[in-house]
Amino acid sequence: MTASELQSPMPEITTVMERPEPRRRFALPSPDGLSVRLLVLTVVFTLSVVGLIIVPSAASFQERWLMDRLQAAELASVGVEALPYSAVEDTTAEQLLSIGGVQSVVVGEQGVRRLLLQAPNLPRAPELIDLRQPNIGARLTAPWKTLFGHPDRSLRVQAAPRYRSGDLIEILAPAEPLKKELATYLRNNLAVALLIAAVAGGLLYAALSYLVLQPLGRVTRSIERFAANPESPPEPPSNRRDEIGRVERELARMQEEVRQSLRSRARLAALGEAVAKINHDLRNMLTSAQMASERLSTSSDPLVATALPRLERALGRASTLARNVLAYGKTEEPAPQRQKMLLARAVAAAAEDAGLEPDGVKLVRDLPARFTVNADPDQLHRILVNLMRNARQAIEANPENGGKGAITVSAATEESEAVIAIADNGPGIPPRLAARLFEPFVSGSKTDGTGLGLTISRELAANHGGSLMLVDTGARGARFELRLPT
């Protein structure tokens with residue numbers, strides 16, 4: 001080893017720094033805030049409801065006003081026809097017209113129109129309104145024509161008679177009196193409608209604010225407080241059973257999960273810092289051990305010659321792990337250097353390092369002949385050793401079988417993946433741990449383990465573009481599947 005290799009740099013440790021919680025100050029609602037938008041929508045909808053009330057109300061008022069004039073004119077026409085030859089003096093006609101508020105009365109019967117009361121000539125042609133034909137659009141727009149029409153505008157109104165026979169009765173009336181009464185009516189009704197709408201809109205906004213805005217405000221403040229300081233005490237969720245309450249409870253649960261994850265990351269960072277401190281001395285020790293193994297290679301002892309290749313492989317892998325320990329401290333694994341290799345040789349080497357023995361926990365290979373995989377030899381070895389060692393320790397810890405059992409390794413090709421199955425006949429994995437088995441610091445069978453082996457193995461499999469999963473567990477043992485792209 002060179003001096004630069006021995007002097008390993010310290011890893012970059014990312015810790016969770018607590019930021020001071022910002023002071024809460026009173027601030028006006030933002031124009032883009034939900035409360036302002038909801039207030040604007042409430043005002044718009046309230047005014048729309050007022051409009052929906054006022055428009056038909058104005059049309060109904062004008063129609064009643066015209067019907068009153070028609071009925072008065074119809075009664076006047078009955079009185080006129082009662083006179084001999086329907087002769088009415090001018091003064092009498094003026095009195096009848098003033099009483100009815102009309103300028104002319106025409107009666108139609110069997111297609112014949114008779115002028116009963118006549119007024120002076122008009123400066124403008126009157127506008128026809130036929131109340132016998134139900135035209136909703138014309139009735140809704142007629143009041144606004146009256147309000148904004150010309151002061152000399154007159155109305156020629158036709159309707160079916162009520163107190164006499166005939167086809168129609170027609171009057172001619174000035175629009176100005178109607179305009180004044182309609183304006184007064186609309187002012188009064190608009191004031192009442194606006195008051196009612198304001199009260200209803202205020203109650204609606206208050207209800208929405210209590211049911212929606214305030215809970216969302218609590219959720220927003222909780223998220224902001226958590227973003228500023230994840231270790232700050234959480235705000236307890238409400239006891240509501242609706243969607244808002246479910247959101248608050250789910251948010252509290254997710255914040256607690258993130259808080260636990262951040263604490264785990266902090267522990268991993270501290271672990272990485274500790275490992276980095278001993279990395280220098282460890283690599284010096286490995287260098288000394290490699291030098292000693294080189295001296296042993298010159299020995300003529302057959303036992304040394306038999307054990308030496310295994311020792312050299314172990315030292316080589318330990319040296320590789322020491323070189324990559326800084327990358328692991330940064331939660332990164334080196335990119336796999338893939339090559340085609342026989343799976344049987346990799347399984348045999350892993351079984352030897354995992355401590356499998358024919359007289360104890362033995363290896364059973366169920367592999368197709370000359371089955372190959374495309375993987376990084378060192379990383380595949382680490383995955384297999386982790387799985388086999390965990391299975392061996394679980395079997396040996398089970399008193400029912402006397403520390404004896406078997407680990408079966410099988411393989412097959414499915415579509416574009418090589419599927420390697422590692423199964424054992426041990427006691428299996430407890431259900432409470434099966435769902436969290438691949439999380440850091442979770443150990444399935446060992447009380448003295450770190451709980452990082454399966455986490456690292458899954459990461460190595462993911463680096464290959466594959467996956468590692470627990471597919472079955474129970475009283476007959478556990479079964480893992482390693483999938484690697486072919």
Side-chain angles (χ1 to χ4, degrees), residues 341-373 375 379-462 464 466-486:
M341 54 187 296
L342 289 175
L343 180 61
R345 292 180 181 176
V347 169
E352 187 177 2
D353 288 352
L356 303 189
E357 301 289 345
D359 296 335
V361 180
K362 62 181 180 180
L363 172 67
V364 178
R365 287 184 290 186
D366 184 15
L367 303 175
R370 309 293 298 177
F371 190 88
T372 61
V373 292
Q379 295 188 6
L380 178 61
H381 181 83
R382 292 169 62 186
I383 297 173
L384 295 176
V385 169
N386 274 327
L387 294 173
M388 291 181 183
R389 183 184 294 119
N390 289 347
R392 177 183 63 80
Q393 292 173 343
I395 294 173
E396 291 176 346
N398 185 18
E400 296 181 358
N401 52 16
K404 295 184 178 181
I407 298 175
T408 304
V409 179
S410 58
T413 301
E414 295 182 4
E415 297 181 353
S416 59
E417 287 184 328
V419 182
I420 306 171
I422 298 93
D424 63 74
N425 58 356
I429 299 172
R432 61 185 179 86
L433 295 177
R436 303 175 55 241
L437 193 60
F438 292 95
E439 296 180 7
F441 307 110
V442 176
S443 179
S445 59
K446 297 175 288 184
T447 59
D448 58 347
T450 61
L452 291 172
L454 290 178
T455 304
I456 297 173
S457 299
R458 171 175 272 190
E459 182 179 350
L460 294 175
H464 283 76
S467 62
L468 175 64
M469 63 187 71
L470 173 66
V471 295
D472 188 24
T473 183
R476 297 183 178 180
R479 177 185 175 90
F480 289 84
E481 278 190 2
L482 171 64
R483 293 177 175 265
L484 299 174
T486 57

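Each residue takes its place number in the sequence, starting with 1.
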Shortest non-hydrogen contact from A394 to P427?
O-CD, 3.5 Å
With rounding to the nearest 0.5 angstrom, report the CZ to CG distance, R458 to L468.
6.5 Å
Would you sort out whether R382 and L460 count as a side-chain contact (heavy atoms from CB on, under 4.5 Å), showing the intermediate values?
CA-CA 9 Å; R382 292 169 62 186; L460 294 175; 4.0 Å; yes
Exercise answer: donor-acceptor pairs, residues 474-486 side-chain atoms, under 3.5 Å, sequence neighbours excluded:
from	atom 1	to	atom 2	distance (Å)
E481	OE1	R483	NH2	3.4
R483	NH1	E414	OE1	3.2
R483	NH1	E417	OE1	3.1
R483	NH2	E414	OE1	3.3
T486	OG1	S416	O	3.1

By side chain to side chain contact (heavy atoms under 4.5 Å, CB included), which residues pair with L367, not counting sequence neighbours?
L343, A344, V347, R365, V409, A411
Determine the minimum heavy-atom distance between I407 and M388, stating which atoms define it.
CD1-O, 3.5 Å
E357 meets the salt bridge (Lys or Arg N to Asp or Glu O under 4.0 Å) criterion, sequence neighbours left out, with none
A418 and F371 have their tightest heavy-atom pair at CB-CZ, 4.1 Å
Short side-chain to backbone donor-acceptor contact, R392 and V361, under 3.5 Å
no
Listed by chain and number, what are the side chain to side chain contact (heavy atoms under 4.5 Å, CB included) partners of N425, not counting sequence neighbours?
I395, A406
So, taking the atom named CG in L363 and the one named CG in L356, what distance separates them when rounded to the nearest 0.5 Å?
6.0 Å
Looking only at atom types and distance, does a side-chain atom of T473 sit under 3.5 Å from a main-chain N or O of I429, one as donor and one as acceptor?
yes
Contacts of A349 meeting side chain to side chain contact (heavy atoms under 4.5 Å, CB included) (sequence neighbours excluded), chain-then-number -> H381
Let me confirm one number: the CG-CG distance from L454 to L470, rounded to the nearest 0.5 Å.
9.0 Å
Can you run down the side chain to side chain donor-acceptor pair (under 3.5 Å) pairs that involve residues 404-413, sequence neighbours left out, and say none if there aren't any?
none
Heavy atoms of A461 and S467 approach each other most closely as CB-C, 3.9 Å
CG on N390 to CG on L437, rounded to 0.5 Å:
8.0 Å
Gap separating the OG atom of S457 from the CD1 atom of I383, nearest 0.5 angstrom
5.5 Å
Side chain to side chain, M341 and T372, heavy atoms closer than 4.5 Å:
no
